[in-house]
Amino acid sequence: MRIPKVDDFVRLRQDVPQWALSRGEVGVVRSTWFSPNKAYEVEFHVIGAEQRTRVLLPEDQLEVEDGSLLGEEAEERVATV
């Protein structure tokens with residue numbers, strides 16, 4: 001399994017109930033934290049929420065998705081937001 005890096009799409013390997021996130025949801029890595037432990041700041045678009053949700057997660061809770069999960073048109077729209 002590849003180590004996540006900034007702008008990678010990642011999928012949750014387990015539920016994160018305190019943030020209303022479920023196993024299988026996809027987010028984007030926005031930054032990597034190294035202290036006190038290595039963690040990844042991941043941004044999720046939770047259905048029903050007005051704002052995006054950003055959470056710090058350890059590597060073992062994430063699985064890197066290879067390739068784009070969006071079509072080219074959708075990627076262009078996301079890039080302009």
Side-chain angles (χ1 to χ4, degrees):
M1 184 172 81
R2 188 164 64 79
I3 294 173
K5 60 183 184 206
V6 172
D7 293 332
D8 275 344
F9 286 100
V10 292
R11 187 173 300 275
L12 280 177
R13 299 177 110 196
Q14 61 191 57
D15 294 342
V16 185
Q18 62 269 36
W19 293 103
L21 297 170
S22 300
R23 181 177 183 242
E25 288 196 53
V26 175
V28 179
V29 176
R30 295 302 183 196
S31 64
T32 303
W33 295 49
F34 295 97
S35 182
N37 298 313
K38 190 171 186 180
Y40 299 90
E41 182 181 25
V42 182
E43 181 177 83
F44 294 91
H45 297 264
V46 178
I47 295 173
E50 289 184 27
Q51 298 182 350
R52 297 171 182 147
T53 300
R54 286 192 180 202
V55 296
L56 286 176
L57 299 167
E59 185 177 335
D60 65 347
Q61 288 186 344
L62 303 171
E63 182 176 316
V64 177
E65 289 290 322
D66 289 323
S68 174
L69 300 178
L70 305 172
E72 283 184 33
E73 290 179 28
E75 282 185 3
E76 289 174 12
R77 279 184 270 150
V78 170
T80 61
V81 173

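Throughout, numbering of the chain's residues begins at 1 and tracks the sequence.
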(request) Determine the minimum heavy-atom distance between Phe44 and Glu25, stating which atoms define it. (result) CE2-O, 4.0 Å
(request) Indicate yes or no for a side-chain donor-acceptor contact from Arg30 to the backbone of Val42 under 3.5 Å, with no hydrogens or angles considered. (result) no
(message) Any non-hydrogen side-chain atom of Lys5 less than 4.5 Å from a side-chain atom of Asp7?
(response) no
(message) Hydrophobic cluster membership, with links at side-chain heavy-atom distances under 4.5 Å among I/L/V/M/F/W/Y: are Trp19 and Val10 in one?
(response) yes
(request) Quick one: pull up CZ in Arg13 and CG in Leu57 and give me the separation to the nearest 0.5 Å. (result) 12.5 Å
(message) If you compare all heavy atoms of Val29 against all heavy atoms of Pro4, which two are closest, and at what distance to 0.1 Å?
(response) CG2-CB, 4.1 Å
(request) Give, for atom CD of Gln61 and atom CG of Leu56, the distance between the pair rounded to the nearest 0.5 Å. (result) 11.0 Å
(request) Using a strict 4.0 Å threshold on nitrogen-to-oxygen distance, state whether Arg11 and Glu63 make a salt bridge. (result) no
(request) Among Ile3, Asp8, Leu12, find the one that has a side chain to side chain contact (heavy atoms under 4.5 Å, CB included) with Leu62. (result) Leu12
(message) Quick check for you: to the nearest 0.5 Å, what is the distance between Arg2 atom CZ and Glu65 atom CD?
(response) 10.0 Å
(message) Test your reading of the model: is there a side-chain donor-acceptor pair from Arg54 to the backbone of Glu43, 3.5 Å cut-off?
(response) no
(message) Does Gln18, at its CD atom, have more than 12 non-hydrogen atoms belonging to other residues, nucleotides or ligands within less than 6.0 Å?
(response) yes
(message) Rounded at 0.5 Å granularity, tell me how far CD in Glu41 sits from CH2 in Trp33.
(response) 6.0 Å
(message) Does any part of the side chain of Val55, heavy atoms only, come nearer than 4.5 Å to the side chain of Val16, both counted from C-beta?
(response) no
